[in-house]
Amino acid sequence: MRDGKISETLLAWYDTHARDLPWRVSPARRSAGQHPDPYRVWLSEIMLQQTTVAAVRDYFHRFTALWPDVQALAAAPDGDVMGEWAGLGYYARARNLLKCARIIASEFGGQFPTNHDALLALPGIGPYTAAAISAIAFDLPETVMDGNVERVMARLFDVHSPLPTAKPELKAHAAALTPQNRPGDYAQAVMDLGATICTPRAPSCNRCPLHSRCRARQTGTAAELPKKTPKAPKPTRRGIVYLLQRDDGAWLLERRPDSGLLGGMLGWPGSQWGETAQKAAPIKADWQVLPAEVRHTFTHFHLILTVKTATVSAARNPQTGFFLTREEFRPSDLPTVMRKAYDLAQSTMAAGVE
DNA sequence: CAAGCGTGGTG
DNA sequence: TCACCAAGCTT
């Protein structure tokens with residue numbers, strides 16, 4: 001077709017189809033002179049790393065209600081922020097979020113830098129997020145490259161070489177399309193297209209504004225692009241967690257080390273997770289093995305957890321961890337795998353199994 | 001630079 | 001059921 005540039009077609013589509021997202025300033029409001037809040041753009045982009053809009057929405061609302069600006073977040077206790085992040089995954093993001101907020105508050109006077117390289121130097125902000133903040137918050141003509149853009153470019157230009165090898169080629173295509181006009185809306189338009197129309201499986205080509213320009217659709221290869229190198233199978237690991245409740249209702253918990261899996265999060269005392277891990281209980285007690293196990297899948301392994309429960313008197317102290325009282329302990333502060341163990345223990349007790 | 005790092009939705 | 005996938009970053 002000869003009906004103008006791809007960027008203009010996408011912007012026109014975005015004007016009528018942009019999703020209403022809590023961190024977004026709609027095209028109508030933006031043309032009326034409203035600007036996005038860089039704090040909210042940054043927070044949303046960190047939450048959206050490898051995470052769907054549906055999963056992020058409630059977390060974004062809770063975070064902005066508790067901490068409406070970067071100074072408020074910078075002043076928050078670590079445990080509060082980690083607890084609010086619990087369940088969202090990739091917990092290094094929460095640790096880096098707090099680090100970054102404190103740098104912005106103390107060294108940047110509470111203002112996010114607009115410059116791409118200055119953004120890139122901040123913790124938790126990589127090439128994608130730096131470009132996204134520059135484009136969306138400051139309307140600068142940066143090219144954002146995420147999974148959506150990679151997929152849209154691979155299909156538009158029918159690129160069959162597999163990821164990650166194809167990244168530079170796809171980035172060149174994306175850069176060539178990035179407009180000087182409304183780059184922030186354009187960046188969101190490409191990603192919205194990838195999230196709602198040009199989806200990984202079963203793309204809705206019949207509804208696509210770039211239908212007539214897409215080479216993969218013409219060739220019939222859209223659904224199989226982008227190609228990816230196959231991933232290694234996940235091994236299965238096993239472990240034990242110990243859920244100890246004091247007779248006043250307090251639970252024994254540990255704060256996990258800052259680095260590594262579930263870093264900085266609350267968790268139950270337990271064994272290492274490996275082939276055949278065993279570990280002594282944190283205190284001598286009448287431990288009960290729950291009749292069901294916890295199954296959970298992480299990025300790179302499956303986990304099967306045996307859950308053991310016991311009750312002790314307040315007079316006795318375990319070798320590890322600390323007690324949180326009924327009032328202090330919120331199950332929602334636990335990462336999902338630990339929450340599953342808690343829920344299993346609760347449902348087992350409710351069923352009357354001692 | 002390849003591996004480590006969570007979780008919920010989906011087909 | 002289960003592998004794949006998501007607005008990636010760090011080491």
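Fair warning: this is a prediction, and the values are worked out from it, not measured in the lab. Letters A, B, ... are given to chains in the order of the sequence lines, protein chains preceding strands, and every chain is numbered from 1.
Computed from coordinates, the A:E142 CD to C:dG8 P distance equals 17 Å when rounded to whole Å. Straight-line distance from the CE atom of A:M145 to the P atom of C:dG8: 11 Å, rounded to whole Å. The distance from atom CD of A:Q49 to atom P of C:dC5 is 20 Å, rounded to the nearest whole Å. Regarding A:I125, its CD1 atom lies at a distance of 12 Å from the C1' atom of C:dG8, rounded to whole Å. Taking atom CG of A:L48 as the reference point, atom C1' of C:dG8 lies 11 Å away to the nearest angstrom. Computed from coordinates, the A:N96 CG to C:dT11 P distance equals 7 Å when rounded to whole Å.
Set against B:dT7, C:dA7, B:dC5, the side chain of A:L262 has B:dT7 as its closest nucleotide. For A:K228, the listed nucleotide lying nearest its side chain is C:dA6; candidates were B:dT7, C:dA6, C:dG8. Each of C:dC9, B:dG6, C:dA7 was ranked by its minimum atom distance to the side chain of A:N148; first place goes to C:dA7. When distances run from any side-chain atom of A:H296 to the nucleotides B:dG6, B:dT7, C:dA7, the shortest one goes to B:dT7.
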Q: Run the numbers on A:R182 and A:D15 for salt bridge (charged side-chain N to carboxylate O under 4.0 Å, His left out), then give the verdict.
A: CA-CA 11 Å; A:R182 300 173 61 193; A:D15 284 339; 2.7 Å; yes
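Distances shown here put every side-chain N or O of A:T51 at or beyond 4.0 Å from the OP1 or OP2 atom of C:dG8. Side-chain N/O atoms of A:R201 include none lying less than 4.0 angstrom from OP1 or OP2 on C:dA3. Put simply, A:Y90 has no side-chain N or O that comes within less than 4.0 Å of OP1 or OP2 on B:dG4. A close approach under 4.0 Å does occur between a side-chain nitrogen or oxygen of A:R151 and OP1 or OP2 of C:dA7. The side chain of A:H300 contributes no N or O atom lying less than 4.0 Å from OP1 or OP2 of B:dG4. Listed pair A:Q50 / C:dG8 meets the phosphate criterion, a side-chain N or O lying under 4.0 Å from OP1 or OP2. Side-chain N/O atoms of A:T336 include one lying less than 4.0 angstrom from OP1 or OP2 on B:dT7. Regarding contacts with the backbone of C:dC9, every side-chain N or O of A:K99 stays at 4.0 angstrom or more from both OP1 and OP2.
In this structure, A:P335 reaches the sugar-phosphate backbone alone: every heavy-atom distance under 4.0 Å involves primed, P, OP1 or OP2 atoms, never a base. Within the nucleic acid shown, A:L21 comes within 4.0 Å of at least one base atom, counting heavy atoms only. As judged by a 4.0 angstrom heavy-atom cut-off over every strand, A:G87 is placed among residues touching the sugar-phosphate backbone only. Note on A:K234: nothing from the nucleic acid sits closer than 4.0 angstrom, heavy atoms only. Base contact: A:L88 has a heavy atom under 4.0 Å from a base atom. Contacts of A:T297 with the nucleic acid, taken as non-hydrogen atoms under 4.0 Å apart, include base atoms. Nucleic acid contact for A:R295: none, since no nucleic acid atom lies under 4.0 Å from a heavy atom of the residue.
The pair A:R24-A:D192 counts as a salt bridge, with a side-chain nitrogen and a carboxylate oxygen less than 4.0 angstrom apart.
The P atoms of C:dA7 and B:dA2 are separated by 23 Å, rounded to the nearest whole Å. The P atoms of B:dG6 and C:dT11 are separated by 13 Å, rounded to the nearest whole Å.
For the pair A:Q218 (side chain) and A:S212 (backbone), a donor-acceptor distance under 3.5 Å is present.
Taking only distance into account, the side chain of A:T52 never meets the base of B:dG8 through a donor-acceptor pair shorter than 3.5 Å.
Here OG of A:S259 is found 7.0 Å from CZ of A:R95. Values are rounded to the nearest 0.5 Å.
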